[in-house]
There are 2 protein chains.
Amino acid sequence: MANLDTVDIKILELLQQNSNRTTKSIAEELGMTTSPIFERIKKLEKEGYIKGYVAVLNQKKIGLKQTVFMGITLQGHTRSYLEKFVTQINNFPEVIECHRVSGNFDYLLKLVVEDIEAYEHFIISKLTLLPYLGNVQSLITLSTGKETNEINLSRLQ
Amino acid sequence: MANLDTVDIKILELLQQNSNRTTKSIAEELGMTTSPIFERIKKLEKEGYIKGYVAVLNQKKIGLKQTVFMGITLQGHTRSYLEKFVTQINNFPEVIECHRVSGNFDYLLKLVVEDIEAYEHFIISKLTLLPYLGNVQSLITLSTGKETNEINLSRLQ
DNA sequence: TATTTATACAGCATTTTATTCTTTATTTTT
DNA sequence: AAAAATAAAGAATAAAATGCTGTATAAATA
């Protein structure tokens, strides 16, 4: 695919908002028939523009009410240790994101836990067991104004 | 719904991984027929456990290669100003998350941009126009070890 | 310029899935 | 123990996905 045209971008925008829409309804919105829309979606999937389709859950309703960010600095920085650290961090079910960053920390983590108590438990019984841990800073989410996975594609047009 | 049973949790886990699976294939995996699975999914949607279904895009392939986190401190803290700040921040297409946090910052943002240059442009031409801005700290993502929206539900069982 | 080739899409046919309904078994309540 | 509620199987129907054919338009080639 040379590049994405207007129709492709529109399809991606719609599927980011609701991936359960029928091909037909997308086709109608774009003033086309189902087949070209169907074929374009398959192409976007095949060529990797679309990584997949997922259900988004209501964390709070499920009992996981607390989001926490952690800035972590390590004391050692050997390659083998960094890799080990990432592997272990990724295995914790509480951790949903783990980014190596430049700036005032080495790593930034995003966690989802039941509540503050569960977070404290995570720190005591899991995190602090990791060696070479340096400075650890917690950012406890009080409220969330925006939290989406939707990438704004208007910039591409 | 009193609460989620084992089958509900399993369904949620599967739909978090791939929401395009057919009812039939989920039913087969769980050793049931399609109708109960179908009804359970509808119930989970209706009662708000499932917020929606979305396509996950390949950011890099689309040309948005850089993720950045920003810790922001405000100088003023009147209610009306905080609200205005959040509203304006949420309107920036670059910002995909905006959390009010306790800790060393007032707000933590997550942004997705083309590259560092685009990030600099965001700061100069958008962010710094906001009044009452205090300390701003950037955490530039170098690499990402884990980045998922999938909530681990094994904790609930 | 004429001719071929590739691309995109409409429209229809077919297969597969989603959805609804009925019946039966099981559990819960009284 | 009887009645009511719940859960699921199985079949029937509606809707959607998927594939195919033909046509128009654009791009490439001679």
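Reckoned from all heavy atoms, side chains included, excluding hydrogens, waters and symmetry mates. Chain letters run A, B, ... following the sequence lines, proteins first and then strands; every chain starts at 1.
Counting non-hydrogen atoms under 4.0 angstrom, A/T23 reaches the backbone sugars and phosphates but no base.
A salt bridge links B/E94 to B/K126: at least one charged side-chain nitrogen sits closer than 4.0 Å to a carboxylate oxygen. Using a 4.0 Å cut-off between a side-chain N of Lys or Arg and a carboxylate O of Asp or Glu, B/D5 and B/K10 do not qualify as a salt bridge. Remark: A/E29 engages A/R21 in a salt bridge, criterion side-chain N to carboxylate O under 4.0 Å. Here B/K46 does not pair with B/E39 in a salt bridge; the nearest charged N to carboxylate O distance is not below 4.0 Å.
Note: CG (A/N20) to C1' (D/dA15) measures 14 Å, nearest angstrom. Look at CZ on B/F38: it is 12 Å from P on D/dA15, rounded to the nearest Å. Whole-Å rounding puts the A/L15 CG to D/dA17 P distance at 11 Å. Rounded to a whole Å, the CD atom of A/E45 is 12 Å from the P atom of D/dA17. The interatomic distance linking B/M32 (CE) with D/dG10 (P) rounds to 12 Å, in whole Å. The distance between atom CG of B/N3 and atom P of D/dA7, rounded to the nearest whole Å, is 13 Å. Put simply, CD1 on B/I11 is 12 Å from C1' on D/dA7, counting in whole angstrom units. Atom-to-atom, NZ of A/K24 to P of D/dG19 comes out at 19 Å; the value is rounded to the nearest Å.
Protein chain A contacts DNA chain C from C/dC9 to C/dG11, reading 5' to 3' and using non-hydrogen atoms of the protein with a distance under 4.0 Å.
Using cut-offs of 30° and 60° for the angle between ring planes, the B/Y119 and B/F122 rings count as parallel.
Closest to the side chain of A/E39, out of D/dA7, D/dA17, D/dC20, is D/dC20.
The rotation axes computed at either terminus of the helix from C/dT1-D/dA30 to C/dT30-D/dA1 lie 30° apart, taking five pairs at each end and rounding to 10 degrees.
Not a single donor-acceptor pair under 3.5 Å links the side chain of A/S138 to the backbone N or O of A/I140. Not one N or O on the side chain of B/E45 forms a donor-acceptor pair closer than 3.5 Å with the backbone of B/G52.
Using a 4.5 Å cut-off on side-chain heavy atoms (C-beta onward), B/Y49 and A/I62 make contact.
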Could you pull out all donor-acceptor pairs under 3.5 Å where a side-chain atom in residues 67-76 of chain B meets a protein atom, sequence neighbours excluded?
none

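The phosphate of D/dA16 (OP1 or OP2) has no side-chain N or O of A/R21 nearer than 4.0 angstrom. Taking only side-chain nitrogens and oxygens, B/S35 never comes nearer than 4.0 Å to OP1 or OP2 of D/dA8.
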